[in-house]
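Structure, as structure tokens:
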Amino acid sequence: MEALSVPSISLQNFSTLNNNLLFRNHQILSTIDKCSSSKQLKEVHARMLRTGLFFDPFSASKLFTASALSSFSTLDYARNLFDQIPQPNLYTWNTLIRAYASSSDPFQSFVIFLDLLDKCEDLPNKFTFPFVIKAASELKASRVGTAVHGMAIKLSFGMDLYILNSLVRFYGACGDLSMAERLFKGISCKDVVSWNSMISAFAQGNCPEDALELFLKMERENVMPNSVTMVGVLSACAKKLDLEFGRWVCSYIERKGIKVDLTLCNAMLDMYTKCGSVDDAQKLFDEMPERDVFSWTIMLDGYAKMGDYDAARLVFNAMPVKEIAAWNVLISAYEQNGKPKEALAIFNELQLSKIAKPDEVTLVSTLSACAQLGAIDLGGWIHVYIKREGIVLNCHLISSLVDMYAKCGSLEKALEVFYSVEERDVYVWSAMIAGLGMHGRGKAAIDLFFEMQEAKVKPNSVTFTNVLCACSHAGLVDEGRVFFHEMEPVYGVVPEMKHYACMVDILGRAGFLEEAMELINEMSTTPSASVWGALLGACSLHMNVELGELASDQLLKLEPRNHGAIVLLSNIYAKTGRWEKVSELRKLMRDTELKKEPGCSSIEANGNVHEFLVGDNTHPLSSNIYSKLEEIATKLKSVGYEPNKSHLLQLIEEDDLKEQALSLHSEKLAIAFGLVTLAPSQPIRVVKNLRICGDCHAFAKLVSRVYDRDILLRDRYRFHHFRDGHCSCMDYW
DNA sequence: TTAGGGTTAG
């Protein structure tokens, strides 16, 4: 009996104790929800460890959830906490996967998911899958996501609405719109999220028409859209550049009383700027009760894209928080509008200000600006920076580096980067093919094209443009014909205008002018200015007056202000001695106030880019440059150099004036500057905005021999590598 | 005993 009394007492005691514990537990647990800083959370954690409450899986999961999902706690701390939980339950595992899925490192969700399968006694449930699928969408990890989809079906969650909705988004994000649509159509009880997922999938997958159509269908089926729907619809309007429909959507939102939150406001701003009405955007922006970094960046982007850099700068200066995206907007706007120097100035400002840290987008845009300017020192510095900061070299960065090195004249470095990586997508291969092509290595470019086939990478339209360009620069006519004729039947790439222009260039340059004309006549679409330009260039090279007149007529019909066409035609007339025609064209240029684009050459020295215009004497070292030019002239004359005056296109009449004008061509100034400032071991790298003229070409060849210097000159079309009196273009350009 | 899916800038 005694034995009975003891347990009865202890049971009673235990029960009291348990009640107290429950009460205390409840108190501690309820404080978790009230935490508003990581410090408070850590205090609760400590108390739970002291009381042993942390070792109760449910209580631990409460604490963990707060740390994983709260805005004030870091994911690292949460992960640490998770690792301390002796036996995390499925709920806890799911929460960790969820937290990683919306973090900056969604890949961890996969790692944790595999860990769950290995270590958790429960199988994944219907809550697990949406989180894992979300991670797959973020990463566009189509194979992993598809496998996860299969697993969900096996565990008989194939019809769960939440999982299906996540899958629609996942397949959409991976670009498999037909699979997304198949799943969407198969959902028996679609809710508003199902519609939203499909509309966004269309909008983001470059099918804005389908997105808008689906929205109208949703209307017809009386499904009430919410603000998320409208964000997707506005994004489709922005993609379609459909301002009218966009405006209708904005009034629809008002009419239907759809709640306009900050995100929706931003989507409206974005639609207005993308559709070209920055005024509407500015009006809305001014009225917005609340703005976030997105709102500011959209406005900045709007002004920058339309080329209103002053307004963009005002927005930028007013931004309360200058995230890296804002810097990127400015840098890429300058870089893409042919203002690479301004782009580099912003990059410099970013470096000095240390407000934000360059990311991959910054580096891609900056590398492109370096490529445009031929700024190899800065480009190389960025390469070192990437390595130093441990930035992962993705395909985008690799193609930018390859492109930068190739365009700055260092084919070796471009090849080094290309062969140093294992993952190469079609753009990386295409960039390398272009690099070889512009350096006149046509055969190597073609070999690389076939190497790409062996690596099972499918060529696209860019690849073919680059391959054809490579053939053109190297005079590989037969190879060019084969590629052009095989691109559609063998590789499934339909020839576009630029491919026709390349092919006309290949044929024309090699003197097959009639064949080039036949090709133009066979075209099913109207030939563009670039096609006629290629023919005209070839006519100028081979002095074909008849076809030249035809080509320039067509070209001027399409682009009446194309001074290049007039210059080329006058070139043909001058070479064939039709002076009266030359005068007519000169008069036409005067009357229409058409000015020849001034020649401009740039050269990098000690990290600074120096620019020279024709006859420029504004450079601080101008007097040194001109004495150097005189010295060069004397030296070259002694080896038999005669200036070739025909390249002046008879725009200057007096012979001595001509000679003087020739010596003032910008590339000559840049080369002289290079000889003055660069160490004898350094190659002289010059970038010219126009095509190099025959006289400057002969000049550079001789300078390379007389001064024993490598000269790398990039003109509008290609590279000329001068060494020991020869050029890599073999005088075919 | 806890919960999930869809949205905007480069």
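If you take CG of A/L90 and P of B/dT2, they are 12 Å apart, rounded to a whole angstrom. Summarising the geometry, the separation between NZ on A/K239 and C1' on B/dG10 is reported as 13 Å, rounded to the nearest angstrom. Separating the CG atom of A/D122 from the C1' atom of B/dA3 is a distance of 15 Å, rounded to the nearest angstrom. For the pair A/R98 CZ and B/dT2 P, the computed distance is 14 Å after rounding to whole Å. Rounding to whole angstrom units, CG of residue A/D33 and P of B/dT1 are separated by 19 Å. Here B/dT7 presents its P atom at 14 Å from CG of A/L264, a figure rounded to the nearest Å. Rounded to an integer number of Å, the gap from A/E138 CD to B/dG4 P is 17 Å. Per the geometry, CE belonging to A/M271 stands 19 Å off P belonging to B/dT7, to the nearest Å.
Within 4.0 Å (heavy atoms only), A/I133 reaches no atom of the nucleic acid at all. Contact annotation for A/Q204: backbone-only contact, meaning every heavy-atom pair under 4.0 Å involves sugar-phosphate atoms and none involves a base. Contacts of A/V228 with the nucleic acid, taken as non-hydrogen atoms under 4.0 Å apart, include base atoms. Using a 4.0 Å heavy-atom distance criterion, A/S166 is classed as a sugar-phosphate-only contact. Among the heavy atoms of the strands, none lies under 4.0 Å from A/A267. Among the heavy atoms of the strands, none lies under 4.0 Å from A/D292. At a threshold of 4.0 angstrom between heavy atoms, the contacts of A/Y91 include nucleobase atoms, whether or not backbone atoms are also involved. Residue-level contact check: A/S61 touches the bases, meaning some heavy atom is under 4.0 Å from a base atom. Counting any heavy atom pair closer than 4.0 Å across all strands shown, A/D160 reaches a base atom.
Counting only heavy atoms from C-beta on, A/Y162 has its side chain closest to B/dG4 among B/dT7, B/dG4, B/dT8. The side chain of A/V361 lies closest to B/dG10, out of B/dA9, B/dG4, B/dG10. Candidate nucleotides B/dA9, B/dG6, B/dT2 were compared by shortest atom distance to the side chain of A/N226, and B/dG6 ranks first. Closest approach to the A/A325 side chain among B/dA3, B/dG10, B/dT8 is made by B/dG10 (side chain taken as heavy atoms from C-beta onward).
Side-chain N/O atoms of A/Y303 and A/D310 include no donor and acceptor closer than 3.5 Å.
Between the side chain of A/N89 and the base of B/dT1, no donor-acceptor pair of N or O atoms lies under 3.5 Å. Checked by distance alone, A/N94 brings no side-chain donor or acceptor within 3.5 Å of a matching partner on the base of B/dG4. At a cut-off of 3.5 angstrom, counting only N and O atoms as typed in the model, there is no donor on one side facing an acceptor on the other between the side-chain of A/S200 and the base of B/dT7.
Under 4.0 Å is where a charged nitrogen must lie from a carboxylate oxygen, and between A/K217 and A/E221 at least one such pair does.
Figure legend: cation-pi geometry between A/K126 and A/Y162 absent, as NZ or CZ is not positioned both under 6.0 Å from the six-membered ring centre and within 45° of its axis. With A/Y77 as the aromatic partner, A/K42 meets the cation-pi criteria of under 6.0 angstrom to the ring centre and within 45 degrees of the ring axis.
Judged by centroid separation below 5.5 Å and plane tilt below 30°, A/F127 does not stack onto the base of B/dG4.
Checked against the 6.0 Å centroid threshold, A/F170 and A/H149 do not count as a close aromatic pair.
Residue pairs that meet the side-chain hydrogen bond (donor to acceptor under 3.5 Å, both in side chains) test with at least one member in residues 263-279 of chain A, sequence neighbours left out, are A/N266-A/D292, A/N266-A/S295, A/D270-A/K274, A/S277-A/D280.
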